[in-house]
Amino acid sequence: MSGPRRAAKLPVRFFERPADMVARELVGLVIVSAAGGRRALGRIVETEAYLGYDDPASHGYRHRRHAQNEALYGPPGSWYVYRSYGVHWCANLVCHAAGGGSAVLLRAVEPLSGFDIMRQRRGGIEDRYLCAGPGRLCQALGITRAGLDGRLMAQSPVTVLRPDGWDGAVDVTPRIGITKATDWPLRFAAAGSPWVSRWSVSSPRGATRVRSRG
DNA sequence: GCGCCGATTGGCT
DNA sequence: GCCAATCGGCGCC
């Protein structure tokens, strides 16, 4: 039940870049939640980039703005948490330029510690499904709008750290569950990870594999 | 004003 | 594989 040996905080400038670049580099990093006074920790294994006003699948498409997505236009490195299908919470990190409406959706996490609280929050489901999906990981980590939405990551109960010692390959595929821009290669997943939300994603050209860094 | 739909999930007609 | 849950935004009349 131990986390990474050493981990560094992410500077705000990490998020001051295009969402696809941020999304790719978030894979392999560690998310730490202290929400609800309980600690839970995991490795991010799947993300998706939403590019903002130019991206038909983005909540920020054509600068669309309303009460529920204000945080999407906040500063890079802040949380945008929205309700999906009126039921689930989904967590994004705002990136690129402030006001651009672009963000990275966290889609799956490999649980590392805090299994007790995660299992409790997820109703005793199999461990494989604890954080395998954007709504599931939010439930497991205790993420809701409260305390996160619109707040800088560093000033919230949930933060992302860069650990030493992870240099896995990352698969690039089309995004999941959307109806617009369905062929854009903006989903990033840790290659071979059993913790992602889906094992295979249909794509005309299939997944492209890249190195996460280096 | 009304009906439809979604960056999802879980249960089962 | 199909569908309900659940709700705010948006398209359309």
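Hydrogens, waters and symmetry mates are skipped; everything else that's a heavy atom, side chains included, is used. What you are looking at is a predicted structure, and each value in this text was computed from that prediction instead of being measured. Quick note on labels: first sequence line is chain A, next is B, and so on, each numbered from 1.
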Starting from P on B:dG10, measure out to OH on A:Y129 and report it in whole angstrom. 10 Å
Could you give the OH-to-C1' distance, from A:Y85 to C:dC2, as a whole number of Å? 14 Å
Is the phosphate of B:dA7 approached by A:R83 (side-chain N or O, under 4.0 Å from OP1 or OP2)? no
Among the candidates C:dT6, B:dA7, B:dG10, find the nucleotide nearest to the side-chain atoms of A:N92. B:dA7
Would you mind telling me which of B:dT8, B:dG10, B:dA7 lies closest to the side-chain atoms of A:S84? B:dT8
Has A:Y50 got its ring stacked on the base of B:dA7, with centres under 5.5 Å and planes less than 30° apart? yes
Mind checking A:R136 for me? I need base, sugar-phosphate or nothing, with any heavy atom below 4.0 Å counting as a touch. sugar-phosphate
Nearest whole angstrom, please: distance from the P of B:dA7 to the NZ of A:K180. 10 Å
Tell me the interatomic distance from A:L72, atom CG, to C:dG8, atom P, rounded to whole angstroms. 19 Å
Any strand is fair game: report the nucleotide pairing with B:dG3 by Watson-Crick or G-U wobble, both distances under 3.5 Å, or none. C:dC10
When all nucleic acid strands are considered with a 4.0 Å heavy-atom cut-off, which category describes A:Q68: base, sugar-phosphate, or nothing? sugar-phosphate
For the pair A:E46 (side chain) and A:S197 (backbone), establish whether a donor and an acceptor sit closer than 3.5 Å, ignoring hydrogens and angles. yes
Between A:Y82 and A:H59, how do the two ring planes meet: parallel, tilted or perpendicular, split at 30° and 60°? perpendicular
Determine: side-chain N/O of A:R64 to OP1/OP2 of C:dG11, distance under 4.0 Å, yes or no. yes
Under a 3.5 Å cut-off for both distances, is C:dC2 Watson-Crick or wobble paired, and to whom? B:dG11
Counting any heavy atom closer than 4.0 Å, what does A:L105 reach on the DNA or RNA strands: base, sugar-phosphate only, or nothing? base
Provide the distance between the two P atoms, one in B:dC12 and one in C:dT6, to the nearest whole Å. 15 Å
For A:H66, which contact category applies under a 4.0 Å heavy-atom criterion: base, sugar-phosphate, or nothing? sugar-phosphate
Taking CZ from A:R122 and P from B:dT9, how many angstroms apart are they, rounded to a whole number? 8 Å
Test your reading of the model: is there a side-chain donor-acceptor pair from A:D149 to the backbone of A:R145, 3.5 Å cut-off? no
Side chains of A:Q139 and A:R122, donor plus acceptor under 3.5 Å: yes
Kindly point out which of C:dG9, B:dG10, C:dA5 is positioned nearest to the side chain of A:A67? C:dG9
Would you mind classifying the nucleic acid contact of A:R65 as base, sugar-phosphate or nothing, using non-hydrogen atoms under 4.0 angstrom? nothing
Euclidean distance for P, B:dC5 against C:dC13 (whole angstrom): 14 Å
Looking at B:dA7, I'd like to know if its phosphate oxygens (OP1 or OP2) sit under 4.0 Å from a side-chain N or O belonging to A:R187. no
Atom NE2 of A:H59 to atom P of B:dC5: distance rounded to whole Å? 16 Å
Taken to the nearest whole Å, CG/A:L106 to P/B:dT8 is 13 Å
Under a 4.0 Å threshold between the charged nitrogen and the carboxylate oxygen, would A:E48 count as salt-bridged to A:R175? no
Take the protein atom CD of A:E126 and the nucleotide atom P of B:dG11, then report the distance between them rounded to whole Å. 12 Å
Does the side chain of A:F14 come within less than 4.5 Å of A:L29's, by heavy atoms? yes
